[in-house]
Amino acid sequence: MNMLLSILLQAAAGAALGKIGAAFGAAIAALAAAFGISKIGKAAIEAGARQPEMASNYRMTAIIIAALVEGACLFAIVVCLIAK
């Protein structure tokens, strides 16, 4: 009986570590996406300041790239939460 209890406690501890790892993975993915989108925005604003006549093209490109980064972030978060 004592051995079975020990096995159950170890399994519960492993499951808890899996959930913590999944949460950290999702947090890292969200932070990486936020950093990437901020870099995209900064570059688009700087490019628009250098060539104002092309600012609308830079803005549309930045929006498309930001959407792709956000999609990759959401996919990473879903994978982290499923893999727990």
Side-chain angles (χ1 to χ4, degrees):
M1 183 68 173
N2 193 12
M3 183 177 216
L4 179 62
L5 182 62
S6 174
I7 292 172
L8 288 175
L9 287 175
Q10 287 177 354
L17 285 177
K19 288 181 182 180
I20 291 171
F24 277 130
I28 290 170
L31 288 173
F35 180 73
I37 291 172
S38 69
K39 295 288 280 186
I40 292 166
K42 178 184 172 192
I45 289 173
E46 286 178 355
R50 288 189 184 120
Q51 292 181 328
E53 65 276 0
M54 297 294 290
S56 63
N57 291 341
Y58 297 138
R59 186 179 311 117
M60 184 56 66
T61 303
I63 290 171
I64 292 170
I65 294 171
L68 292 172
V69 169
E70 190 69 26
C73 172
L74 289 175
F75 180 71
I77 289 172
V78 168
V79 168
C80 286
L81 296 178
I82 289 175
K84 64 180 175 173

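It should be emphasised that the depicted structure is a prediction, and the values quoted were computed from it without experimental measurement.
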request  = Any chance you could measure Cys73, atom SG, to Ile37, atom CD1, to the nearest 0.5 Å?
outcome  = 7.5 Å
Closest contact, heavy atoms only, Ala29 versus Ile77 = CB-CG1, 4.2 Å
Anything under 3.5 Å between a donor and an acceptor, one on a side chain of residues 54-67, the other on a protein residue two or more places apart or in another chain? List them.
| from | atom 1 | to | atom 2 | distance (Å) |
| --- | --- | --- | --- | --- |
| Tyr58 | OH | Gln51 | OE1 | 2.7 |
| Thr61 | OG1 | Asn57 | O | 2.9 |

